[in-house]
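Scroll down for the structure; my scribbles are underneath it.
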Amino acid sequence: METMTTLTSPAEFTIQRPNYSHTSAIRWVFSHVIRHNWVIVMVFLGAFGNAALAALVPVLVGDAFNAMLQPMPDTRALIPLALLIGGTQVIRGILQLGRNFGAELLGQRLEAEIRDELYISLLGKSMTFHSLQPVGDTMARATNDVREINLMFNPGMNLVIGSFFFLVMPIVAAPRYHPALLITPVLFAIAYFASLARYLKTLQPISDEVRASFGNMNSHLSESLDGVETVKGAAQEDSEVERFVLNAKRVRDAFIKQGDIEARFIAFLLYGIAIALGLTHALFLFREGLLNTGQVIAYFGLLRMLDFPTFTSSWAYTQVSMGLAGARRILELINRETDLDQNAAGHSAEMKGEIEFRNVTFTYPDTERAQRVSDSGESVLNSVSFKVKPGQTVAVVGQTGAGKTSLVKLINRTYDINDGQVLVDGMDVREWNLASLRSQISMIEQDIFLFSRSISENIAFGRPGATQDEVEAAGKAAQAHDFIETFEKGYETVIGERGVTLSGGQRQRLALGRAFMTDPRILILDDSTSAIDSATEDKIQRAISAAARGRTTFIITHRLSQIRWADLIIVLRKGRVAAMGTHDELMQTSDAYSRIFQE
Ligand code: UTP
Ligand code: MG
């Protein structure tokens with residue numbers, strides 16, 4: 001039985017996976033490989049058999065020569081030898097196939113397994129991790145580095161193992177003719193491994209550099225494609241191209257450096273020396289009468305087997321080195337700490353929806369900006385306190401950058417606070433089981449994200465398996481039904497396909513539909529978009545009041561019509577509560593509040 005543990009804890013989301021070692025890249029890859037034991041057996045048997053039967057050819061050819069060099073040559077002796085060579089080479093072909101097949105299978109399986117492991121681990125990382133880790137770099141690791149691990153097995157390890165046995169065979173077979181003939185293959189093997197060790201040592205930092213510069217290029221590329229509208233809007237295409245060219249140059253230079261080191265690998269020289277030395281040695285023994293002609297020829301044929309390790313060595317080991325560099329990068333990502341703990345053992349219960357902030361102070365983690373802000377002693381949120389009863393509607397208002405979005409993200413622990421307490425139903429959010437907490441809070445973000453899937457699937461995102469009727473009911477409640485029906489395929493319309501994109505107001509109503517589907521106890525609506533025509537505004541207004549009914553609702557908005565009927569209005573200014581109360585109270589008492597409506 002395999003032991004099962006949860007993947008890298010602490011994490012926000014875990015899934016049962018086999019117990020892989022995470023201490024070093026080699027051990028990690030090995031812990032994956034070892035689970036495919038019969039494939040490994042196949043690779044090694046195939047490699048060994050292939051080499052052994054390849055060594056048989058020069059041995060048999062030597063015998064044939066000796067048969068011919070008899071005073072009375074008997075040509076009939078050649079026929080069984082020829083048949084033997086033919087037969088064994090067919091078997092050799094099959095064994096070689098086994099080796100190649102096994103290595104390919106191992107490579108593909110590992111690629112899939114590691115990709116899964118990485119994906120699960122990425123889903124388990126906190127938002128802190130994701131906001132600090134560039135998407136392009138993650139993409140490069142999840143695609144190219146994982147692919148390098150595949151290539152590390154085939155052709156990489158395949159040829160390393162295959163050629164290793166070719167190195168061993170002359171050492172095994174040479175003493176058959178004369179023990180002294182061991183000298184050349186043994187010396188070759190020693191020199192070969194010594195130069196290989198040096199080669200791999202110089203290669204490793206270059207492999208790391210190749211992988212890193214590639215990831216870097218990818219992350220810049222994905223960023224500028226993501227922001228292509230901004231780039232074009234600011235007519236910055238040229239400078240973006242320049243940056244890309246610079247990054248591409250770095251990748252190229254790293255590859256050239258790698259090629260340079262490969263070219264300096266001295267295995268070819270060693271091979272030449274070995275052939276010359278071995279032949280001289282054999283001829284010397286021949287003159288002394290210690291070897292006959294057939295034996296010299298067989299020995300020479302055995303030495304020729306060393307060309308396989310020689311020719312594959314430079315690039316097969318490079319492949320392995322690149323694969324290990326990729327493995328290090330993936331493992332680094334998997335192992336990187338994620339700050340939030342899902343607290344599986346925590347409080348899990350049906351939520352009433354009471355929320356309290358007690359002296360909450362919050363700064364974004366570890367960014368340069370956060371550093372600057374905290375150096376100046378100013379946090380994104382400063383001693384924020386308020387209390388909301390279940391079912392109430394809270395409007396959060398304030399100028400841009402005041403900290404509105406940041407405030408609501410603390411409720412479902414998208415980020416953890418630095419000081420103070422956030423309580424839901426009188427319980428610190430950190431005491432809650434994270435999944436229980438989040439499943440009862442629905443957040444509609446400032447920029448609503450829709451998946452490139454059907455409208456139905458987008459609405460039912462929080463509740464896969466919902467029926468079509470339920471989805472349509474949610475669509476109606478969210479005032480989205482009418483515009484969805486205008487699409488030719490209705491709810492089955494795939495967003496992003498054939499030019500189907502949605503306006504801000506439409507996206508918002510789909511997101512509200514999502515909220516209706518999951519029926520959360522707390523609804524958070526970050527609605528800072530303002531320019532929407534009054535007909536749509538009216539619809540959204542109606543959808544929001546329907547959604548707010550019967551649950552605690554936070555609305556971040558600039559629209560007076562929405563703010564008015566809130567039970568509590570929180571006015572934020574530069575991360576502090578500037579005023580708090582109902583609309584009527586605030587209109588009379590707060591300058592800050594009335595000023596918002598004058599902007
Ligand atoms: P908010 O994003 O909370 O401001 O950022 P807001 O009130 O919602 O603003 P609008 O109305 O949507 O525009 C508050 C502060 O936190 C910083 C921002 O720079 C801002 O000064 N911040 C925000 C970060 O440092 N990191 C982030 O990931 C987000
Ligand atoms: Mg905001």
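Both counts, for ligands and for their atoms, begin at 1 and track the order of listing. These numbers come from the heavy atoms of this one structure, side chains and all, not from hydrogens, waters or symmetry mates. As the structure is a prediction and not an experimental result, all values here were calculated from the model.
- Proximity of the aromatic rings of His32 and Tyr20 is defined here by a centroid distance below 6.0 angstrom, and this criterion is met.
- Pairing each heavy atom of Tyr364 with each of Ser406, the nearest pair is OH-OG, 2.9 Å.
- A perpendicular orientation is assigned to the rings of Tyr593 and His583, their planes being inclined by more than 60° (bins at 30° and 60°).
- Backbone or side-chain N, O or S atoms of Gln446 reach the Mg ion (ligand 2) at under 2.8 Å.
- On a distance-only criterion, His558 and ligand 1 share no N/O pair closer than 3.5 Å.
- Contacts between Val380 and ligand 1, counted as non-hydrogen atom pairs separated by less than 4.0 Å, involve the side chain only.
- Using a cut-off of 2.8 Å, one finds that Thr405 contributes an N/O/S atom close to the Mg ion (ligand 2).
- Inter-residue side-chain proximity for Phe214 and Glu148 is flagged as unmet; no heavy-atom pair is nearer than 4.5 Å.
- In the vicinity of Gln446, heavy-atom distances shorter than 4.0 Å reach the ligand 1 atoms 10 (P), 12 (O).
- Counted by atom type alone, Ser207 and Gln204 present zero donor-acceptor pairs between their side chains at under 3.5 Å.
- When all heavy atoms of Ser348 and Asn433 are compared, the pair lying nearest together is CB-CB, 3.8 Å.
- The distance from ligand 1 to the heavy atoms of Ala402 drops below 4.0 Å at these ligand atoms: 4 (O), 7 (O).
- Tyr415 and Phe362 have tilted rings, their planes meeting at an angle from 30° to 60° on a 0 to 90° scale.
- Scanning Tyr364, Tyr415, Phe362 for the heavy atom closest to atom 17 (C) of ligand 1 points to Tyr364.
- At least one heavy atom of Gly401 sits under 4.0 Å from some atom of ligand 1.
- Listed by atom number, the atoms of ligand 1 under 4.0 Å from Gly403 heavy atoms are 1 (P), 3 (O), 4 (O), 6 (P), 7 (O), 14 (C).
- Atom CZ of Arg27 is surrounded by 12 or fewer heavy atoms from other residues, nucleotides or ligands within 6.0 Å.
- Which parts of ligand 1 touch Thr400 is read off a 4.0 Å heavy-atom cut-off, strictly below it: atoms 9 (O), 10 (P), 11 (O), 13 (O).
- Per-residue contacts place Ser406 under 4.0 angstrom from the following atoms of ligand 1 (heavy atoms of the residue considered): 1 (P), 3 (O), 5 (O), 14 (C).
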